[in-house]
> 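Okay, here's the structure, questions in a sec.
Count residues from 1 along the sequence.
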Amino acid sequence: MLAAPPEGASAAPTGELRPPLLENTTSLDYPADLAGRPDPPAGDVIIELTIGTDGVPKDLTVVQPLHPTLDQLALEAVGRLRYTPATLDGQPVEVVQRLTIPIAPPPPPEPEAEPATEPAAETEPEPDSGAAAEVDPDAATTEGGDADEQAGPVRIAGTVLEAGQRTPIPGARVVAIPAAADEDFGQVRKTRYDPPGIPAWQASATTDPEGNFELRGIPGGGKIRVIVLAQGYERIEFVEGLPANEAITVKYFAPRLETNPYRTVVVTEGAGREEVARRTITADEIRVLPGTQGDALKSIQNFPGVARAPFGIGLLAIRGTGPNDSAVYLGHHEIPTLFHFGGLTSVFNGDILDKIDFVPGNFDSRYGDAIGGIIDVTPRAGRRDGYHGYIDSDVFDTGVLVEGPVGKGSFALSGRRSYIDVLLPAFIPDDAGLDLTIAPRYYDYQTLFDYPLAGGTFTARIFGSDDRTKVVAANPNEVEPDERDAFETAQFFHRFDLAYEKKSGPWRFLVTPSYRLEYIQFGIGQFFDFDLRTHNVSLRSEVERTLGRRSGLRVGTEYVGTWFQVDVEAPPIPTGGGGSSSGSLTTTVKSAAAVPAVYSTATLGVTDTFTLFPGVRMGYYTRPDPTSFVDPRMNFAWQLADRTLLKGGTGIYTQSPQAVEYSSEFGNPRLGVQRGLQNSVGVSQQFEYGINLDGTAFFNYIWDQSTGSSELVRREDGSIGPEVFANTQQGRTYGLEVLLRKQLTGRFFGWLAYTLSRSERRATPEDDWELFGFDQTHILTLIGVVKLPKGWQAGARFRLVSGNPMTPVVGAVYDGAGGFYVPLNGVTNSDRMPAFHQLDLRVDKQWTWKRASLTLYLDVQNVYNRQNTEFLIYSFDYSDRRPVAGLPIIPSLGLKLEF
């Protein structure tokens, strides 16, 4: 099942998905026996239904009951609704929707007055109306009768848009009735408490996919009351002046409710990916997460299976593997880094992302060269419903976005520039021993263009990122920081993509080439300098075919070619007798590597409830040691019950070691590829009110992994020297991941994520198992966000994580020849850093106008200023040590103006 944008969401339909449109309304009568009680029941009934391809509701379920009698009446009323069915690529599809029906007893009749006609409760969702006793204009029966929507000339034509976003709202019901002579023109803002009478006439219409409507058959002229009812939006009313025998044009802006109950789930046929633990987060959820500054990709760090990186710098250590063992894909191709310096923000604007899929293991065969996990980021097309954008500024950076239509296509332009290099030093304590002389400075940019072409979509993207930092740190032997202790980095990449994707009946085709220029430089004082420049070319093509209702097949090819140059300047090599060689060591390395591969994944619906996903990936590594590989993989999904899914998988995964490890100058050119076996099984249980519980157990085994080696071997030039690196390391990781998640379907959203794991390594098969440096036994994350009235929103994130393993220093000996102390280490990784814990808070306030909105937000990281130990530094003789703490409390106050 694929999550689709909610009806009326800020992202306009891309042309592939059209939500269902309500064609009629209905009503229910409040039972007289319940109304006569001293305390008659009142409240909301929430019903979940499936809208079939014929537009008829089915599979109706009460997910929030009120009273058995009222629940049954609500079910019957919803069953009478009819829709224009939703379509995907022009084909009708089923969708799941929740309707909120406010029900209240009729008001008692006024004394000595004629009993009022018993009103009807609206079944069209109107959560905030608070007036179930008011006559539904659509359902009213009048002496004059309803005006025929198709009869007579157009008297009122207009458009219904979402306030602040100017996005068309399809399926809204627009009703016109006579207005009282004493009513003022303009928007009706006062609540009417007296039960209205039956109108002499009414005219109604439903907005089309572009939000347009036409009201016909309105008799005469004068004051007209126009009522707009839309699912998930506030009810709005206007009094208009309509001259006799004339027509008017209007435009209405409906504010979105804090609780938008609409949700669409599209059920598609054919092939699909069903990883054991694929976790997806949508744009609406990203924007409300505390501790992320609204950054999409930072949200990944809150999922189970992701270790916390030191200083929050954005390293992705997934399921006990190292940061270099996982891969990040954006638009079908890998990107070299996910975050700017320090993990403060991601390198790609999250507001132009469609979704983020996080797969910690047993990923599909379309992904390769990784033995850890996968992150797959999907950009979205620019909006076509007008020109939109924003300016977003906080204490770290300022970002801008502009998007809109270009002919039949669309564009999106975005950029961001930091000024944290000016502000961050003010938040670093004076006793931290850090002098941020250039730190940190970054920018990124994105240009996206999409255009329909020959029945498909042509896409072009240009984006990039640039980071530069210089940190000078003082050690315990120094009074002030010294330039010799400086650490300087520079990293940038620029990428250009083309893509063409087409869907035709049961077929899907994709072709996408990409080029990326990447540069990495870092230096340590005056002693070491490393420069790496890389040219990367990748090409992916896929063809997919659905094979009936339950099965499908996808076949693809991928080519990744890399050309790189490394320049290294290192200190002199020590010689015997305590001296050293003169000058410095300067080396330049040029090399190239390629990985062509083919892959395939089948979807085999064995039964209606049991599906197999067999796959295989085959390819060839030209470096380090030319070798071919065949990686078979198998996943399964078993629907045990309507809301219970059992998933599992096993597979082989292959990855090349890092280029520096197999270079002849710095490593071992005889290195081979690394292998991994991943196994997992999980259960997913859905509950009422959008609550899901996922539990996944996993066991991964790694062999032939590259590790340091001091064995003496004969080199390619005939000399004898250390092996430097060897494929002898083994690894194992096992544990349990739990994610209890409340979907963003009401006022509250959040999750509890817990990981229990153990990750171990041994350098050779003869060695004992030792804890891996990124092992974190317990990782607990609690997130909660509540939407409050009047545009307020508050959220919090709390994290508790086991400290990273460390090797203790138990003593030191003095080297008289070298004039320095040599540490004596204890058992490798036999100790741990103190546990990490931190609380982050975020508060938002939004003001919404017709054509723009303004959000003021305060995001505070490390609220109680916890001094979390990140690592230890020692004195010259190792007799003393002190902790280096992570970032202190950092408040971020920002403004976001959207138009």
> Are the side chains of V843 and L841 in contact, using a 4.5 Å heavy-atom criterion?
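L841 vs V843: side chains apart.
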
> So how far is it from I652 CD1 to S365 OG, rounded to the nearest 0.5 Å?
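Separation between the atoms: 14.0 Å.
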
> Under a 3.5 Å cutoff, is there a donor and acceptor pairing between the side chains of Y653 and N700?
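No, because no side-chain N or O of Y653 sits under 3.5 Å from a partner of the opposite role on N700.
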
> For the backbone of H778 and the side chain of S802, can you confirm whether one donor and one acceptor N or O come within less than 3.5 Å of each other?
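Checked: pair present.
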
> Give me the atom names and distance for the closest heavy-atom approach of L677 to N679.
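Nearest heavy atoms, L677 then N679: CG-ND2, 3.5 Å.
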
> I'd like to know if the side chain of Y734 and the backbone of F698 have a donor-acceptor N/O pair within less than 3.5 Å.
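Side chain of Y734 to backbone of F698: no pair is present.
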
> Using modelled atom types and a 3.5 Å cut-off, is there a donor and acceptor pairing between side-chain atoms of N727 and backbone atoms of D704?
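Looks like yes, one N/O pair under 3.5 Å.
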
> Under the salt bridge (charged side-chain N to carboxylate O under 4.0 Å, His left out) test, which residues partner D466, sequence neighbours left out?
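For D466 the salt bridge (charged side-chain N to carboxylate O under 4.0 Å, His left out) partners, ignoring immediate neighbours, are R468.
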
> Is there a donor-acceptor contact under 3.5 Å linking the side chains of T398 and Y419?
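Per modelled atom types, T398 and Y419 side chains form a pair under 3.5 Å.
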
> So which heavy atom on Q730 is nearest to which on W769, and how close?
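It is O-CZ3, 3.7 Å.
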
> Has the side chain of Q838 got a donor or acceptor atom that lies under 3.5 Å from a matching backbone atom of R866?
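Looks like no, no N/O pair under 3.5 Å.
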
> Applying side-chain contact (heavy atoms from CB on, under 4.5 Å) between P808 and each of D831, L872, N829, report the one that passes.
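Of all the options given, the one that passes is D831.
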
> Is there a side-chain contact between I890 and N862 in this structure, where contact means two heavy atoms from C-beta onward sitting under 4.5 Å apart?
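Result no, sub-4.5 Å side-chain heavy-atom pair not found.
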
> Are any side-chain N or O atoms of T337 and backbone N or O atoms of F339, one a donor and one an acceptor, separated by less than 3.5 Å?
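It does hold such a pair.
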
> Here's one to test your reading of the geometry: is the NZ or CZ of R417 within 45 degrees of the ring axis of Y443 and under 6.0 Å from its centre?
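That pair does not qualify as a cation-pi contact.
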
> Using a 3.5 Å distance criterion without hydrogens, assess whether the side chain of E661 forms a donor-acceptor pair with backbone atoms of F725.
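The answer is no, because no donor-acceptor pair under 3.5 Å joins these two groups.
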
> Starting at CD1 of I375, measure out to CD1 of I356 and round the result to the nearest 0.5 Å.
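One finds 8.5 Å between CD1 of I375 and CD1 of I356.
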
> Apply side-chain contact (heavy atoms from CB on, under 4.5 Å) to the pair V306 and F358, showing each step before the final yes or no.
CA-CA 10 Å; V306 181; F358 169 59; 3.4 Å; yes

> Got a second to check how far D394's CG is from D859's CG, nearest 0.5 Å?
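Reported to 0.5 Å precision, the distance equals 8.5 Å.
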
> Determine the minimum heavy-atom distance between Q446 and V347, stating which atoms define it.
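Nearest pair, atom of Q446 first, then V347: NE2-O, 3.4 Å.
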
> Tell me, please, which residues at least two apart from E760 pass salt bridge (charged side-chain N to carboxylate O under 4.0 Å, His left out).
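E760 satisfies salt bridge (charged side-chain N to carboxylate O under 4.0 Å, His left out) with R732, R758 once adjacent residues are dropped.
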
> Is there a side-chain contact between R643 and F687 (heavy atoms, below 4.5 Å)?
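No. Closest side-chain heavy atoms not under 4.5 Å.
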
> Evaluate the side-chain proximity of I873 to V884: yes if any heavy-atom separation is below 4.5 Å, no if none is.
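Side-chain contact under 4.5 Å: yes.
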
> Test side-chain contact (heavy atoms from CB on, under 4.5 Å) on R319 and E737 and set out the steps.
CA-CA 10 Å; R319 281 190 179 173; E737 299 167 352; 2.8 Å; yes

> Between R761 and T707, is any side-chain donor less than 3.5 angstrom from a side-chain acceptor?
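No - no donor-acceptor pair under 3.5 Å links their side chains.
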
> Which atom pair, heavy atoms only, marks the closest approach of Q729 to S706?
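Scanning both residues completely, I find the closest heavy atoms to be NE2-O, 4.2 Å.
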
> What's the spacing between R832 CZ and T777 OG1 if we round to 0.5 Å?
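That separation rounds to 4.0 Å.
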
> Any carboxylate oxygen within less than 4.0 angstrom of a Lys/Arg side-chain nitrogen, looking at R797 and D840?
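Yes, this pair counts.
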
> Should R366 and D376 count as side-chain neighbours, where that means a heavy-atom distance under 4.5 Å?
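Touching, per the 4.5 Å side-chain cut-off.
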
> Can you list the steps and then say if N635 with K647 is a side-chain contact (heavy atoms from CB on, under 4.5 Å)?
CA-CA 7 Å; N635 292 343; K647 298 181 288 185; over 6 Å; no

> For the residue pair Y874 and Y878, does the interplanar ring angle fall in the parallel (under 30°), tilted (30 to 60°) or perpendicular (over 60°) class?
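Y874 and Y878: tilted rings.
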
> Would R675 and D631 pass as an ion pair if we require N to O under 4.0 Å?
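D631 and R675: salt-bridged.
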
> Do S393 side-chain atoms and L895 backbone N/O form a donor-acceptor pair below 3.5 Å?
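Answer holds: no.
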
> I'd like to check Y367 versus V359 (side-chain heavy atoms, cut-off strictly below 4.5 Å). Are they in contact?
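No, side chains not in contact.
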
> Kindly assign one of parallel, tilted or perpendicular to the pair W751 and F303, based on the angle between their ring planes and the thresholds 30° and 60°.
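If you compare the ring of W751 with that of F303, the planes turn out parallel.
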
> Which heavy atom of L839 sits nearest to which heavy atom of A796, and what is that distance?
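What the structure gives for the nearest pair is CD1-CB, 4.4 Å.
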
> Output the distance between atom CG (D392) and atom NZ (K896), rounded to the nearest 0.5 Å.
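It comes to 5.5 Å.
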
> Would you call R881 and V809 a side-chain contact if the rule is heavy atoms closer than 4.5 Å?
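They are not in side-chain contact.
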
> Which distance, rounded to the nearest 0.5 Å, do you find between the CG of L856 and the CD of Q846?
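Interatomic distance, L856 CG to Q846 CD, rounded to 0.5 Å: 11.5 Å.
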
> Any side-chain heavy atom of P304 within less than 4.5 Å of one from T755?
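Yes, side chains in contact.
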
> N362 side chain to Q678 main-chain N or O, any donor-acceptor pair under 3.5 Å?
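At least one qualifying donor-acceptor pair exists.
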
> Just distance, no hydrogens or angles: give the donor-acceptor pairs under 3.5 Å from side chains in residues 321-331, sequence neighbours left out.
| from | atom 1 | to | atom 2 | distance (Å) |
| --- | --- | --- | --- | --- |
| T321 | OG1 | I318 | O | 2.6 |
| D325 | OD2 | G322 | N | 2.9 |
| S326 | OG | G373 | N | 2.9 |
| Y329 | OH | G368 | N | 3.4 |

> Where do G676 and I371 come nearest, in terms of heavy atoms and distance?
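Answer, listing the atom of G676 first, then I371: N-CG2, 4.1 Å.
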
> Do side-chain atoms of D775 reach the backbone of S759 as a donor and acceptor pair under 3.5 angstrom?
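Yes: the side chain of D775 pairs with the backbone of S759.
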
> For the residue pair Q685 / T644, report whether a side-chain donor-acceptor contact shorter than 3.5 Å exists.
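The answer is yes; a qualifying pair exists.
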
> Keeping the roles fixed (side chain from D768, backbone from R762), state whether a donor-acceptor pair exists under 3.5 Å.
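Not confirmed, D768 side chain does not pair with R762 backbone.
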
> With side-chain contact (heavy atoms from CB on, under 4.5 Å) as the test, would you mind laying out the steps for Y857 and Q793 before giving the verdict?
CA-CA 9 Å; Y857 57 89; Q793 179 176 280; over 6 Å; no

